Engineer: 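Structure in structure tokens, see below.
For clarity, every value in this text was computed on a predicted model and none was experimentally measured. Starting from 1, each residue takes its place in the sequence as its number.
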Amino acid sequence: LAEEALATVRLNGYGARMPGQLSGGQQQRVALARAIIYKPRVLLMDEPLSALDKNLREDMQLEIKRLHAELDLTIIFVTHDQGEALTMADRVAVLRDGQIQQIDTARDLYERPANLFSAGFVGEMNFIPAQKSGDRIDLSDGAAWTVPDAGFANGKLVVAIRPERLLIEHDANALALEITLDDAVYAGAGTLLIGRMRDGTEIRARIASTRALGFVRGAAITLWCPPDALRFFPAAAA
């Protein structure tokens, strides 16, 4: 059984090695083998990858996903790493003060958060105070958008949009958002633009670095918001 469990985690022939002769990733695989040798129906993993470096952690994420598919068992995976949760889970639960805020697929949790807490907790999100009157949305800086009815009664609301959904190229179908640039943070393939609306509301946009050339602090920039990327929440929830 021990050799079978080691083979399952791709450690054939490692059974005679001492812990000091194993890498961090191999030690983690041994821990998995020790857990699955009992053929459990449910496996609880409490932040099992937190001590590994980035590359090992990503390798082990794929290894655990493979084991989940091969062994057909339920895995409850506890983590504070949101990227890890979105990468690995079939379903993600967001907890706040012991109360479940949302249980959903990773895609729906990220793209269609159920409430303001989930929207702000998972990933980056821009929040813009606004006022709704029919199809008209008046932003806190005085600008106005016309959008299909957001499903809320007229009154104060919060408009939410992910930084990576903001565009810097003009789009006739998108809504204009004017900002003054505070900083452009280069991060390899992507660049983070940080700016402010006229009322001081901070806005972040993540764009390809090849399209961020020439941006300077203090520049006036128009960002474009695709209507399907907008999420609306009652202001009372804030």
Engineer: Scan for salt bridge (Lys or Arg N to Asp or Glu O under 4.0 Å) pairs involving residues 26-37, sequence neighbours excluded, and state none if there are none.
Structural biologist: R29-E63

Engineer: Go through I36 and Y38 one step at a time and tell me if the side chain to side chain contact (heavy atoms under 4.5 Å, CB included) criterion holds.
Structural biologist: CA-CA 5 Å; I36 64 176; Y38 297 104; over 6 Å; no

Engineer: Looking only at atom types and distance, does a side-chain atom of D138 sit under 3.5 Å from a main-chain N or O of A144, one as donor and one as acceptor?
Structural biologist: no

Engineer: Any donor-acceptor pair under 3.5 Å linking the side-chain atoms of S140 with those of D199?
Structural biologist: yes

Engineer: Would you indicate whether R136, at its atom CZ, is surrounded by more than 12 heavy atoms from other residues, nucleotides or ligands within a distance under 6.0 Å?
Structural biologist: no

Engineer: With heavy-atom distances below 4.5 Å as the criterion, would you say the side chains of R41 and T74 are in contact?
Structural biologist: no

Engineer: With a cutoff of under 4.5 Å between side-chain heavy atoms, which Ile, Leu, Val, Met, Phe, Trp and Tyr residues group with I194?
Structural biologist: V185, L192

Engineer: For residues 192-212, which residue pairs pass the ring pair (Phe, Tyr, Trp, His ring centres under 6.0 Å) check, not counting sequence neighbours?
Structural biologist: none

Engineer: Using atom types as modelled and distance alone, determine if a side-chain donor or acceptor of T79 lies under 3.5 Å from a backbone N or O of A85.
Structural biologist: no

Engineer: Would you say that R204 contacts E124 through its side chain, given a criterion of any heavy-atom pair below 4.5 Å between the two side chains?
Structural biologist: yes

Engineer: Among all residues two or more places apart in sequence or in another chain, which pass the salt bridge (Lys or Arg N to Asp or Glu O under 4.0 Å) test with D108?
Structural biologist: R112

Engineer: Taking ring pair (Phe, Tyr, Trp, His ring centres under 6.0 Å) as the cut-off, I'd like each qualifying pair that reaches into residues 118-145, sequence neighbours left out, listed once.
Structural biologist: F117-F121

Engineer: Using the ring-ring contact (aromatic ring centres under 6.0 Å, His included) criterion, which residues pair with Y110? Sequence neighbours excluded.
Structural biologist: none

Engineer: Quickly, which of I221, L223, L181 forms a side-chain contact (heavy atoms from CB on, under 4.5 Å) with I203? Name it, please.
Structural biologist: L223

Engineer: Listed by chain and number, what are the side-chain contact (heavy atoms from CB on, under 4.5 Å) partners of S50, not counting sequence neighbours?
Structural biologist: E47

Engineer: Report yes if some heavy atom in the side chain of L139 is under 4.5 Å from a heavy atom in the side chain of L177; otherwise report no.
Structural biologist: yes

Engineer: Could you tell me if the side chain of L109 sits less than 4.5 Å from the side chain of Q102, heavy atoms only?
Structural biologist: yes

Engineer: Answer yes or no: is there a donor N or O on one side and an acceptor on the other, between the side chain of D182 and the main chain of G218, under 3.5 Å?
Structural biologist: no

Engineer: When you look at NE2 of H170, are more than 12 heavy atoms from neighbouring residues, nucleotides or ligands closer to it than 6.0 Å?
Structural biologist: yes

Engineer: Running the 4.5 Å side-chain criterion over Ile, Leu, Val, Met, Phe, Trp and Tyr, what cluster does I76 land in, apart from itself?
Structural biologist: V42, L44, V78

Engineer: Flag the pair M45 / I75 as yes when at least one side-chain heavy-atom distance between them is below 4.5 Å, and no otherwise.
Structural biologist: yes

Engineer: Given a cutoff of under 4.5 Å between side-chain heavy atoms of I, L, V, M, F, W and Y, with clusters grown through shared members, what are the other residues clustered with V216?
Structural biologist: none

Engineer: Test R162 against M125 for side chain to side chain contact (heavy atoms under 4.5 Å, CB included), laying out the working first.
Structural biologist: CA-CA 5 Å; R162 298 284 183 192; M125 186 73 85; 3.5 Å; yes

Engineer: I want to check something: taking the side chain as every heavy atom from C-beta on, are T201 and D141 in contact at a cut-off of under 4.5 Å?
Structural biologist: no

Engineer: For atom CG of D72, decide whether the heavy atoms of other residues, nucleotides or ligands shown that lie under 6.0 angstrom number more than 12.
Structural biologist: no

Engineer: Would you please name every residue forming a side-chain contact (heavy atoms from CB on, under 4.5 Å) with L22, sequence neighbours left out?
Structural biologist: Y14, R17, Q26, Q27, V30

Engineer: Cut-off 3.5 Å, side chains only: do Q101 and S118 have a donor facing an acceptor?
Structural biologist: no

Engineer: Hey, are the side chains of I168 and F215 touching, using non-hydrogen atoms and a 4.5 Å cut-off?
Structural biologist: yes

Engineer: Could you give all pairs that pass the salt bridge (Lys or Arg N to Asp or Glu O under 4.0 Å) test and reach residues 88-107, with sequence neighbours left out?
Structural biologist: R107-E111

Engineer: If you measure from the Lys or Arg side-chain nitrogens to the Asp or Glu carboxylate oxygens, is any gap between E202 and R196 under 4.0 Å?
Structural biologist: yes

Engineer: Taking transitive links into account, so neighbours of neighbours count too, which hydrophobic residues share a cluster with L95 at under 4.5 Å side-chain distance?
Structural biologist: I100, I103

Engineer: Are M60 and L32 packed together at the side-chain level, in the sense that at least one heavy-atom pair is separated by less than 4.5 angstrom?
Structural biologist: yes

Engineer: Can you tell me if CD on Q99 sees more than 12 non-hydrogen neighbours from other groups inside 6.0 Å?
Structural biologist: no

